[in-house]
Number of protein chains: 2
Amino acid sequence: MTLEYLGRKWAMLILLEIYKGGGRIRFGELRNRLDGITSKVLTTRLKELEEQGLLLRHVDAVSVPFKVEYALTAPGVEVIEIIKDLKSWALRWMIDNLDCQGQDCSECTL
Amino acid sequence: MTLEYLGRKWAMLILLEIYKGGGRIRFGELRNRLDGITSKVLTTRLKELEEQGLLLRHVDAVSVPFKVEYALTAPGVEVIEIIKDLKSWALRWMIDNLDCQGQDCSECTL
DNA sequence: CCGGATCCGGGTAGATACTG
DNA sequence: CAGTATCTACCCGGATCCGG
């Protein structure tokens, strides 16, 4: 079921961050942008999201140090809109994120 | 954060079921409709959602046996649309709910 | 009977370190 | 750089009990 993985901690934030990075991002970059996330959780979430078909893992074994990039799939891009709606809703009702001014504020933690 | 309570198991399904019941429903009725949920989990989720301002608890202590009804607040009604979008998206990509034909199928577990 | 509260047990998610 | 390994906490579910 969708919420079993989308509702998990960090999942939507990860998708949102990949989206902000242009739909494709490296592991380390992702970890840097998501303040407070640990490698293990990030790896786990990425694996789940990949299994669900929301993103794809690309390995570049040639370059040194080697790169691993994660990219949104078509369904992954579509769900971004819903995540934005959810964020927008949360801000509109000021249930949380009280200090935030705009929907794209990087401090918003959904 | 929003997902801390919306992402919890049963939370969105509870909201959706209250909505289907006309925006207001009794505890027992809700439990009957949500196949497999226990009283404990239902109580917990309802309390959390009430604290977040998504629904209101109305107690009718007069009638015997007394009634307790839960009703969606304005934010609660609004978030329903997003939940529907999420469900619709999940169905469109057939990530799960493969047996389901329409968005309002009661078997869909999001 | 209705709407919970309470206690207990297992599984899993997440934090803290360490590694190829 | 991109992950594992281990350890702990807490969430979920079942059973039982309670107050009106």
Side-chain angles (χ1 to χ4, degrees), chain A residues 1-18 21-22 24-52 54-72 109-110, chain B residues 1-18 21 24-52 54-72 96 109-110:
Chain A
M1 314 148 202
T2 307
L3 292 179
E4 300 269 331
Y5 56 91
L6 269 188
R8 274 195 182 87
K9 208 167 181 182
W10 296 105
M12 294 206 193
L13 295 173
I14 289 170
L15 292 173
L16 214 49
E17 216 51 56
I18 298 179
R24 174 179 271 255
I25 199 170
R26 294 185 63 175
F27 184 90
E29 178 68 11
L30 200 47
R31 190 180 42 200
N32 291 337
R33 298 205 193 192
L34 296 167
D35 190 48
I37 199 171
T38 64
S39 289
K40 184 199 171 182
V41 175
L42 182 52
T43 319
T44 311
R45 285 298 94 82
L46 287 171
K47 197 177 298 177
E48 291 165 358
L49 293 170
E50 189 191 3
E51 286 171 0
Q52 299 299 327
L54 296 195
L55 46 85
L56 282 174
R57 199 175 99 111
H58 301 277
V59 184
D60 176 7
V62 178
S63 60
V64 179
F66 69 104
K67 292 197 301 183
V68 178
E69 286 192 324
Y70 292 87
L72 293 173
T109 49
L110 261 177
Chain B
M1 316 151 202
T2 307
L3 291 179
E4 299 268 333
Y5 57 89
L6 270 187
R8 276 198 179 84
K9 208 167 182 182
W10 296 104
M12 294 206 194
L13 295 175
I14 289 169
L15 292 173
L16 214 50
E17 216 53 53
I18 299 179
R24 172 181 272 256
I25 200 172
R26 294 187 62 176
F27 183 89
E29 178 70 10
L30 201 47
R31 188 179 46 197
N32 292 337
R33 297 204 195 193
L34 296 167
D35 191 47
I37 199 171
T38 63
S39 289
K40 182 198 169 182
V41 176
L42 182 53
T43 322
T44 311
R45 286 299 93 80
L46 287 172
K47 198 178 298 178
E48 291 165 358
L49 293 170
E50 190 192 2
E51 286 170 0
Q52 298 300 327
L54 296 195
L55 46 85
L56 281 174
R57 202 174 98 111
H58 300 277
V59 185
D60 176 7
V62 178
S63 60
V64 179
F66 70 103
K67 293 196 302 183
V68 178
E69 287 192 324
Y70 292 87
L72 294 173
D96 36 32
T109 48
L110 261 177

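Numbered from 1 within each chain, the chains take letters A, B, ... in sequence-line order. Quick caveat, the model's predicted, so the values are computed rather than measured.
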*Asks:* A:Arg31: what forms a salt bridge (charged side-chain N to carboxylate O under 4.0 Å, His left out) with it, not counting sequence neighbours?
*Replies:* none

*Asks:* Who pairs with B:Arg26 by side chain to side chain donor-acceptor pair (under 3.5 Å), at least two apart in sequence or on another chain?
*Replies:* none

*Asks:* B:Arg8 CZ to D:dC12 P: how many Å, rounded?
*Replies:* 6 Å

*Asks:* Listed by chain and number, what are the side chain to side chain donor-acceptor pair (under 3.5 Å) partners of A:Glu17, not counting sequence neighbours?
*Replies:* none

*Asks:* Would you kindly give the NZ-to-P distance between A:Lys9 and D:dC12, to the nearest whole Å?
*Replies:* 13 Å

*Asks:* Over its full length, what angle do the end axes of the helix from C:dC1-D:dG20 to C:dG20-D:dC1 make, each axis taken from five pairs and the result rounded to 10 degrees?
*Replies:* 30°

*Asks:* Scan A:Ile14, A:Ile18, A:Leu15 and name whichever one has a side chain to side chain contact (heavy atoms under 4.5 Å, CB included) with A:Leu54.
*Replies:* A:Leu15

*Asks:* To the nearest Å, give me how far apart NZ (A:Lys67) and P (D:dC1) are.
*Replies:* 13 Å

*Asks:* Which residues pass the salt bridge (charged side-chain N to carboxylate O under 4.0 Å, His left out) test with A:Glu29, sequence neighbours left out?
*Replies:* A:Arg33

*Asks:* Where along residues 33-51 of chain A does a heavy atom come under 4.0 Å from DNA chain C, residue by residue in number order?
*Replies:* A:Thr38, A:Lys40, A:Val41, A:Arg45

*Asks:* Tell me the salt bridge (charged side-chain N to carboxylate O under 4.0 Å, His left out) pairs involving residues 57-72 of chain A, sequence neighbours left out?
*Replies:* A:Arg24-A:Glu69

*Asks:* So, using side chain to side chain contact (heavy atoms under 4.5 Å, CB included) as the criterion, who are the partners of A:Phe66 when residues are at least two apart?
*Replies:* A:Val68

*Asks:* Using side chain to side chain contact (heavy atoms under 4.5 Å, CB included) as the criterion, list what pairs up with B:Thr43, not counting sequence neighbours.
*Replies:* B:Phe27

*Asks:* Rounding to an integer number of Å, can you tell me how far A:Ile25 CD1 sits from D:dA2 P?
*Replies:* 11 Å

*Asks:* Below 4.0 Å from chain A heavy atoms, what is the first contacting nucleotide of DNA chain C and what is the last?
*Replies:* C:dA13 to C:dT16

